[in-house]
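First the structure, in the form of structure tokens, and then the observations on it.
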Amino acid sequence: MSGAGSEHGAFVVAIDGPAAAGKGTLARRLADEFGFAYLDTGSLYRAVALALIRAGLPAPDEAEAEAAARALDFALLASPDLRREETGNLASVVAAMPAVRAALVDAQRQFGARPPGGKPGAVIDGRDIGTVICPDAPVKLFLTASTEARALRRFRELTAKDQPADMARIRAEIEARDARDAGRATAPLKAADDAHLLDTSDLAIEEVFAKAKAIIERARQSRT
Ligand code: DC
């Protein structure tokens, strides 16, 4: 029921959704709970963007962005600059380029097929995990929240880190990012047909976590 190889493969929890819907927080908690590895795929696109910004290419063409993706320095994944709005915005631009996505597919699939540390499963979050990267994942979650709720979350994250934050600008950037992520031709942001939809606008993280945990436990039981 969960796709080819499920008896032998790692157990993948695919989490997709728009910017600031709470994917990262939920994914990290679930990975801890089940002893799974965690991959935030947005950080890969952000690392490509950061490499381009540092190389003085804030408006790269597809060939430049692909070259940056293929030569990706994984040390960039630890940079605090990854979380800057500027990095996120360029990440969304390069993520719309098919050659960049193609350059990053294998690493993501490998992570799901053989999670690091010999862990029995992986939680992978992004925009196209349930649809393109791991279409056979036994659990797919699609997190949504209103634009207002997501903008407020981003605002609080930034101010907590003493970074400049302006609500109107954040809201406009989230809207622009949603439009780009959902409107692109290659692997657009969209829920898989078999994804569980969770609207987190009015839910505390504990409630979202409890719902997701129950879904995973049910799927794990039905797999044994
Ligand atoms: O989740 P995030 O904000 O860190 O992602 C940054 C950008 O990367 C986002 O605007 C779209 C892109 N992205 C993507 O296209 N596919 C993914 N699987 C993850 C992120």
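Numbering of residues begins at 1 and proceeds along the displayed sequence.
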Can you check whether [X] reaches [Y] side chain to side chain, under 4.5 Å on heavy atoms?
X: Arg220; Y: Phe11; value: yes
X: Phe111; Y: Thr41; value: no
X: Leu44; Y: Phe74; value: yes
X: Val123; Y: Ile15; value: yes
X: Leu197; Y: Leu143; value: no
X: Val13; Y: Ile216; value: yes
X: Asp61; Y: Glu66; value: no
X: Arg83; Y: Arg46; value: yes

Do Leu77 and Leu39 land in one hydrophobic cluster if side-chain heavy atoms of ILVMFWY residues count as linked below 4.5 Å?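 Not linked; separate clusters.
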
May I ask whether Leu72 and Ile133 are part of the same hydrophobic cluster, defined by side-chain heavy atoms of I, L, V, M, F, W, Y residues being less than 4.5 angstrom apart, directly or through others?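 Different hydrophobic clusters.
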
Would you mind checking if Asp16 and Arg127 are paired as a salt bridge, meaning a charged N to carboxylate O distance below 4.0 Å?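 No, no charged N to carboxylate O under 4.0 Å.
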
Classify the side-chain pair Tyr38/Asp125 by whether it contains a donor and acceptor separated by less than 3.5 Å.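 Yes, because at least one side-chain N or O of Tyr38 sits under 3.5 Å from a partner of the opposite role on Asp125.
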
Short side-chain to backbone donor-acceptor contact, [X] and [Y], under 3.5 Å:
X: Glu207; Y: Ala204; result: yes
X: Arg84; Y: Glu86; result: no
X: Thr87; Y: Asp81; result: yes
X: Lys140; Y: Pro135; result: yes

For [X], what residues pass the side chain to side chain contact (heavy atoms under 4.5 Å, CB included) criterion, not counting sequence neighbours?
X: Arg169; value: Glu85, Asp166, Glu173
X: Arg114; value: Gln110
X: Leu76; value: Ala47, Leu50, Ala51, Arg54, Asp73

Rounded to the nearest 0.5 Å, what separation is found between the [atom1] atom of [X] and the [atom2] atom of [Y]?
X: Phe209; Y: Asp32; atom1: CZ; atom2: CG; value: 8.5 Å
X: Thr200; Y: Leu141; atom1: OG1; atom2: CG; value: 12.0 Å
X: Met167; Y: Leu158; atom1: CE; atom2: CG; value: 11.0 Å
X: Arg156; Y: Ile170; atom1: CZ; atom2: CD1; value: 11.5 Å
X: Ile174; Y: Asn89; atom1: CD1; atom2: CG; value: 10.0 Å

Applying side-chain hydrogen bond (donor to acceptor under 3.5 Å, both in side chains) as the test, list every pair that has at least one member in residues 141-150; sequence neighbours left out.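 Qualifying pairs, neighbours excluded: Glu148-Arg171, Arg150-Asp178.
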
Locate the shortest heavy-atom distance separating [X] from [Y]; write the atom from each residue and the value.
X: Val48; Y: Ala65; result: CG1-O, 3.9 Å
X: Ala149; Y: Ser201; result: CB-CA, 4.2 Å
X: Ala137; Y: Val12; result: CB-O, 3.6 Å
X: Pro60; Y: Leu52; result: CG-CD1, 3.7 Å
X: Ala10; Y: Arg223; result: O-NH2, 3.9 Å

Side-chain atoms of residues 91-101: list all donor-acceptor pairs with protein atoms under 3.5 Å, sequence neighbours left out, distances to 0.1 Å.
unit_1	atom_1	unit_2	atom_2	d
Ser92	OG	Arg180	NE	2.8
Ser92	OG	Arg180	NH2	3.2
Ser92	OG	Asp181	OD1	3.1
Arg101	NH1	Ala95	O	2.8
Arg101	NH2	Tyr45	OH	3.3
Arg101	NH2	Asp128	OD1	3.4
Arg101	NH2	Asp128	OD2	2.9

Let me see the working for Lys119 and Phe36 under side-chain contact (heavy atoms from CB on, under 4.5 Å), right down to the final yes or no. CA-CA 6 Å; Lys119 302 228 164 125; Phe36 290 176; 5.6 Å; no

Name every donor-acceptor pair, under 3.5 Å, that has one atom in a side chain of residues 19-30 and the other anywhere in the protein, sequence neighbours excluded.
unit_1	atom_1	unit_2	atom_2	d
Lys23	NZ	Gly17	O	3.0
Lys23	NZ	Pro18	O	2.9
Arg29	NH1	Glu206	OE2	2.9

Using side-chain contact (heavy atoms from CB on, under 4.5 Å), reason through Val139 and Arg218 one step at a time and then give a plain yes or no. CA-CA 10 Å; Val139 172; Arg218 268 202 310 277; over 6 Å; no

I'd like to know whether Lys213 forms a side-chain contact (heavy atoms from CB on, under 4.5 Å) with Val208, so could you lay out the CA-CA distance, the side-chain angles of the two residues, the decisive distance to 0.1 Å, and finally the verdict. CA-CA 9 Å; Lys213 186 178 163 201; Val208 181; over 6 Å; no

Evaluate the side-chain contact (heavy atoms from CB on, under 4.5 Å) criterion for residues Lys190 and Phe142: first the C-alpha distance (whole Å), next the side-chain angles of each, then the deciding distance (0.1 Å), finally the verdict. CA-CA 8 Å; Lys190 119 169 152 294; Phe142 193 85; 5.6 Å; no

